[in-house]
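Structure first, commentary second.
Computed from heavy atoms alone, side chains included, the values below leave out hydrogens, waters and symmetry copies. The chains referred to below are lettered A, B, ... by the order of the sequence lines, with proteins before strands, and numbering in each begins at 1.
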Number of protein chains: 2
Amino acid sequence: MVNEIYYKHMKYIIVGGVAGGATTAARLRRVDEQAEIIMFEKGPHISYANCGLPYYIGGVIKERDKLLVQTPESFGARFNIDIRILSLVTSINPVKKQVSVQSVKTGVTYTESYDKLVLSPGASPVKPPIPGINLPNIFTLRNVEDTDKIKSFVDDNTPRTAVVVGAGFIGLEMAENLHHCGVKVSVVEAAPQVMNMMDSEVAAPLHHHFKEKNVALFLKDAVKEFKQVDDTIEVNLSSGRIIKADFIILSIGVKPDTSLAKAAGIKIGETGGVWVDEYLQTSVKDIYAVGDSIEFPHPITGKPTIAFLAGPANRQGRILADNMVYGHTRKYKGSIGTAIAKVFDMTAGITGMTHRGLKAQGIKHDCTIVHAGSHAGYYPGAMQMMLKISFDPNTGRLYGGQVIGYKGVDKRLDLLATVIKNNGTIYDLQEIEHAYAPPFSSAKDPVNQLGYNAENIIRGLFKPLSPFKFAKRIKKDVFVLDVRTPEEFSIDAIEDAVNIELDAVRKNLHRIPKDKKIMIFCGVGLRGYVAARILKQNGFDKVYNLSGGLKVYRQTMD
Amino acid sequence: MVNEIYYKHMKYIIVGGVAGGATTAARLRRVDEQAEIIMFEKGPHISYANCGLPYYIGGVIKERDKLLVQTPESFGARFNIDIRILSLVTSINPVKKQVSVQSVKTGVTYTESYDKLVLSPGASPVKPPIPGINLPNIFTLRNVEDTDKIKSFVDDNTPRTAVVVGAGFIGLEMAENLHHCGVKVSVVEAAPQVMNMMDSEVAAPLHHHFKEKNVALFLKDAVKEFKQVDDTIEVNLSSGRIIKADFIILSIGVKPDTSLAKAAGIKIGETGGVWVDEYLQTSVKDIYAVGDSIEFPHPITGKPTIAFLAGPANRQGRILADNMVYGHTRKYKGSIGTAIAKVFDMTAGITGMTHRGLKAQGIKHDCTIVHAGSHAGYYPGAMQMMLKISFDPNTGRLYGGQVIGYKGVDKRLDLLATVIKNNGTIYDLQEIEHAYAPPFSSAKDPVNQLGYNAENIIRGLFKPLSPFKFAKRIKKDVFVLDVRTPEEFSIDAIEDAVNIELDAVRKNLHRIPKDKKIMIFCGVGLRGYVAARILKQNGFDKVYNLSGGLKVYRQTMD
Ligand SMILES: Cc1cc2nc3c(=O)[nH]c(=O)nc-3n(C[C@H](O)[C@H](O)[C@H](O)COP(=O)(O)OP(=O)(O)OC[C@H]3O[C@@H](n4cnc5c(N)ncnc54)[C@H](O)[C@@H]3O)c2cc1C
Ligand SMILES: Cc1cc2nc3c(=O)[nH]c(=O)nc-3n(C[C@H](O)[C@H](O)[C@H](O)COP(=O)(O)OP(=O)(O)OC[C@H]3O[C@@H](n4cnc5c(N)ncnc54)[C@H](O)[C@@H]3O)c2cc1C
Ligand SMILES: CC(C)(COP(=O)(O)OP(=O)(O)OC[C@H]1O[C@@H](n2cnc3c(N)ncnc32)[C@H](O)[C@@H]1OP(=O)(O)O)[C@@H](O)C(=O)NCCC(=O)NCCS
Ligand SMILES: CC(C)(COP(=O)(O)OP(=O)(O)OC[C@H]1O[C@@H](n2cnc3c(N)ncnc32)[C@H](O)[C@@H]1OP(=O)(O)O)[C@@H](O)C(=O)NCCC(=O)NCCS
């Protein structure tokens, strides 16, 4: 039971009126009815749904009003907050505990004092100094005003072609939404894959899906120059390729907006975000920060990181409000970066650390891939999804999860995230007692299967083999065993593979050499695992099972 | 890394060839290639999808073959298991380590010896001694044969009416599926609600949904007698009501099938299930049991309980196989009874302990109800769901969760289950880092909101009020404050309520008496909470907020 005693007449100033800022303000008022709260927002809107902006452009969200979760009036009335829009905070004086504010309309500047100051200015789109980057029809997307610009460009000009530069979450969402508007979209990405924060074999199905949807994808190619030629923009790529388009969406990333903090002498961290302690305090007394602009220790690596995500911004806002009112009682535990995107009919998402991320940090780990149905195969509408996890090869601690599929992807990501955030292990995945009825899952949920699978690897019951290592096999040292059916083999085979279907393996052990590495594969990995067990228990020693089977191998290598 | 040393030529016998039995067999083979494994099944099928049976009857699952996840031939071939169908195990001799087996076809009996014996005979439908219960067209549903009987009755006779007796998970699934077949269904239930394992305010929306779907519901009424009158059955209820129907589905529950175990002197527990230790060993050496027939300590109460659920049966099977092969290394941690059902367009589910269950066990707890969208409200297709949790009022340990809605119910149940199974608290709900993009969730997921809400209760930021306590208020002692808008008030009001809309509360404090209990309500509870905060911080002390708002109150009381 909290003692309802208040620091009477505390005066809080909040910079930024959206995810982090508005949430801090709302919680502040709920726990401190008497305080004075002023929220400054340089734009004309507060509390807007950043995450919905691409969908409004695409016409999926029809009413613009829906983007405005709260208006300055409604929010001010409900929470008794002094909301000042079109008010740019231009500087902080930490000694006098004042901010300078400029009216965007009139240019007039004034100061306002604070007892406690909260910074939630967000992040801004990266705009590298590529020649032509400031041409008129090159857009970035961060707020409602940007959205209005793109939307009216599309509505007024009915453009036929667009190039989206950068294939991260927002880039892909924009590609889909512009496609919905009838625009022929090309996506340009410098990395060899879309969603570069994911491991490549997990992102690979998206490449095929874009093809199906008739969206052109240019990977491993960077923009060298934008050129205005008549009504269109020529995008010159490093490969020499030139793409013409009526307009461009730049979505190559964001960087924390730290201009105010930097100028005020507030400590900026290694990653370029505002440094905060576990209570969300900056290096300067009575100044706090939340949202896209802060860095914090990653819960797994301990290294500083930034989460450009709405969930963490909301969570931080609430924690911070409590810390400011009740004293520093509540620690922010960091974010493991759970993120998801709908990409046409598919959904792809990530939580925690990928193989690539762990490797870069020198953290020892194993990975496994499982394919499983979104729900019981015998109930109509089940769709396959692919799940990949990474974990500590000794303790089984779960480091990360990635999921791609058509249905039920979000559910499995959330479960993986919950276990990871809780410092859980792959054994915890086995224990997950999911709600099972045929329309929702299988008796063993995909996350249970991941747990089983990973345990089998840890206990040495089978050795997983990544598609990349399989591709690099030295053929003379390896016996490649394809345990699919002869029908499957006849449709698509690997040249040096011998086909012995799983149910015939026991009778054909004599055909398998004992002195070679045995690399087994099947469709997705399950039959290969069962075959590996038979071989291992029959005196074969160097037995590997291709992770994700031929399916992942083909998707990744083709 | 496991040492691949095997107890050569171990001979395992498994009784029952479906969820628990077949899973044990498959894992056994994967970890013990050399063993002899015999699986006895009294019916003609193994590895069938019990949970899919209602949907096959309803025509949702079209092909009967889909119900047979494995056939005796395919399973035998893959796992080198001696599968004997139509083979009833009639007795166990624990001293000689033998079972007697009777061929269902020929009646011939023989014995088979074992090193280790696994019992997974499942549960059988309860058939109380109601007069007429054995009439021809009264069916129960447990296996494929039962399914075939019901399906051919429906196909051959195109019945027009059915009574489903018992409104638990299977009863409701059957009601829906018979409705799909064009049968007019009446559901009879002795309890005052459907899904009696849920708290009544959570189950209440199903009552309305049945009405919408034109399924008749007779609650608080029990069957006294079944009578054959010409071609129909008369169902006589205790209320005096008589319902006529062409056929009846009895689904009033199941009981563990312990006949074999009992006869062999194996210990039966308090609940009527086979007692097993944490390694799934029965009281008799080398005899083990899994599935619907066992009892185990409930992870929350420690009291013996039974889970009639496929997930636990599968989980136990794998644990047991490992324990038999590698020694008793693996503990079964019990099941918190996570269950779910699709009921027409709605989904309802439960995990852990309900208010009713906790009260019955004398466990101190608090509850809260939250309504939230399946995903961001501004993205098309979001649907409201209702979530209720129970938790320890001091530590915040999460005891149980119940969710009902149209979409995304399974996801939130799984998250709640994961936290509960992990002995987690409501603070862990706050930390859940769900995958957020507008089609999947909100920046604060419903499970986060539950965590926030519960914390506010624990910290005394507001006092929740159950709809039942609100209904029992003594009017003269209470000031009922309706903080909805005047429009909402004009459509549906509570007679003794005073309407001051939330945004006007601060200006109207003088209209609210300080000496009375204040019972606040709004639509679903959120605005009421904000009003409660304003009042509490303005010197009002006895302030309550109606859990779930007017919506839950109306649903539950009407
Ligand atoms: C198109 C798009 C899609 C997204 N989709 C998702 C998604 O699906 N899932 C997800 O988790 N996240 C998504 N995000 C990210 C999410 O919106 C951000 O992580 C979150 O909004 C960060 O909150 P914040 O408070 O730090 O910044 P913001 O919400 O951006 O708010 C910062 C505000 O501060 C104002 N401001 C800045 N400087 C000043 C100043 N000096 N004076 C006054 N005001 C100032 C800005 O005008 C801005 O309105 C998306 C973002 C965008 C742009
Ligand atoms: C219609 C229906 C719907 C269901 N829906 C769900 C759901 O949606 N979600 C969920 O989690 N659970 C559901 N269940 C429950 C789930 O199917 C069971 O919990 C699970 O199958 C239990 O596994 P088991 O191995 O103990 O028993 P079973 O799977 O029932 O297998 C027991 C087998 O043993 C055989 N047997 C019994 N005695 C002998 C003997 N003496 N000799 C030889 N063989 C014998 C029986 O013939 C039977 O085939 C449902 C059950 C039914 C009937
Ligand atoms: C609109 C906005 C200001 C709301 O902030 P908020 O009031 O903290 O958030 P919500 O409306 O979700 O309400 C949450 C509060 O209601 C409470 N609550 C929710 N349901 C409740 C119920 N049924 N009964 C009682 N209380 C309830 C929660 O406990 C929480 O209160 P607390 O923080 O005091 O514990 C803020 O979320 C915002 O600006 N959003 C748009 C910007 C944004 O997030 N963009 C990125 C995503 S697109
Ligand atoms: C059919 C049945 C015998 C299968 O049992 P099973 O082989 O244990 O189960 P699965 O087919 O899901 O396979 C699980 C195994 O494959 C492994 N696996 C899953 N995907 C894999 C992949 N991609 N790569 C490698 N291994 C994989 C798992 O680790 C697990 O192996 P393990 O237990 O040795 O660790 C059993 O589930 C059954 O009878 N089901 C029907 C009855 C039933 O459950 N009814 C109630 C629900 S309707």
Where on [X] is there a heavy atom nearer than 4.5 Å to chain A: the side chain, the backbone, both, or neither?
X	value
B:Phe440	both
B:Ser441	neither
B:Ala77	both
B:Tyr56	neither
B:Asp428	side chain

Candidate pair B:Tyr452 and A:Arg27, rule side chain to side chain contact (heavy atoms under 4.5 Å, CB included), full reasoning: CA-CA 11 Å; B:Tyr452 292 147; A:Arg27 174 71 179 173; over 6 Å; no
Passing option when A:Glu431 is tested against B:Lys331, B:Lys421, B:Arg318 for salt bridge (Lys or Arg N to Asp or Glu O under 4.0 Å): B:Lys421
Most contacts with chain A, counted as non-hydrogen pairs under 4.5 angstrom, among B:Ala339, B:Pro438, B:Gly311, B:Ala310: B:Pro438
Among [options], who wins on heavy-atom pairs under 4.5 Å with chain B?
options	value
A:Ala19, A:Ser442, A:Ala435, A:Ala443	A:Ala435
A:Val69, A:Val419, A:Thr347	A:Thr347
A:Leu67, A:Asn80, A:Thr351, A:Leu413	A:Asn80
A:Arg527, A:Glu455, A:Arg412	A:Glu455
A:Ile336, A:Ile350, A:Val530	A:Ile336

Side-chain touch A:Lys444/B:Thr23, heavy atoms, less than 4.5 angstrom: yes
Minimum side-chain heavy-atom gap B:Tyr55-A:Pro439 below 4.5 Å: yes
Nearest heavy atoms of A:Val60 and B:Pro380, plus distance in Å: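 That would be O-CG, 3.2 Å.
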Minimum heavy-atom distance between B:Leu461 and A:Tyr326, given as atom pair plus value: CD2-OH, 3.6 Å
Heavy-atom neighbours of A:Lys407 NZ exceed 12 at 6.0 Å: yes
So, taking the atom named [atom1] in [X] and the one named [atom2] in [Y], what distance separates them when rounded to the nearest 0.5 Å?
X	Y	atom1	atom2	answer
A:Arg533	B:Asp32	CZ	CG	9.5 Å
A:Tyr378	B:Glu63	OH	CD	14.5 Å
B:Asp503	A:Phe75	CG	CZ	11.5 Å
A:Ile319	B:Gln430	CD1	CD	7.5 Å
B:Asp414	A:His434	CG	NE2	7.0 Å

Any donor-acceptor N/O pair, B:Gln34 side chain to A:Gln537 backbone, under 3.5 Å: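 A pair under 3.5 Å: yes.
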Donor-acceptor pair, side chain of B:Glu433 and main chain of A:Gly337, under 3.5 angstrom: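 Yes, because the side chain of B:Glu433 sits within donor-acceptor range (under 3.5 Å) of the backbone of A:Gly337.
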Under a 4.0 Å N-O cut-off, is there an ion pair linking [X] with [Y]?
X	Y	answer
A:Arg78	B:Glu501	no
B:Arg459	A:Asp322	yes
B:Glu33	A:Arg506	yes

Any residue meeting ring pair (Phe, Tyr, Trp, His ring centres under 6.0 Å) with A:His375, in chain and number order, not counting sequence neighbours: A:Tyr379
Residue among B:Thr338, B:Thr418, B:Leu415 satisfying side chain to side chain contact (heavy atoms under 4.5 Å, CB included) with A:Ile432: B:Thr418
Aromatic A:Tyr427 / basic B:Arg330 pairing, under 6.0 angstrom, 45° off normal: no
Qualifying salt bridge (charged side-chain N to carboxylate O under 4.0 Å, His left out) pairs with a residue from residues 307-317 of chain B, counting only residues at least two apart or across chains: none
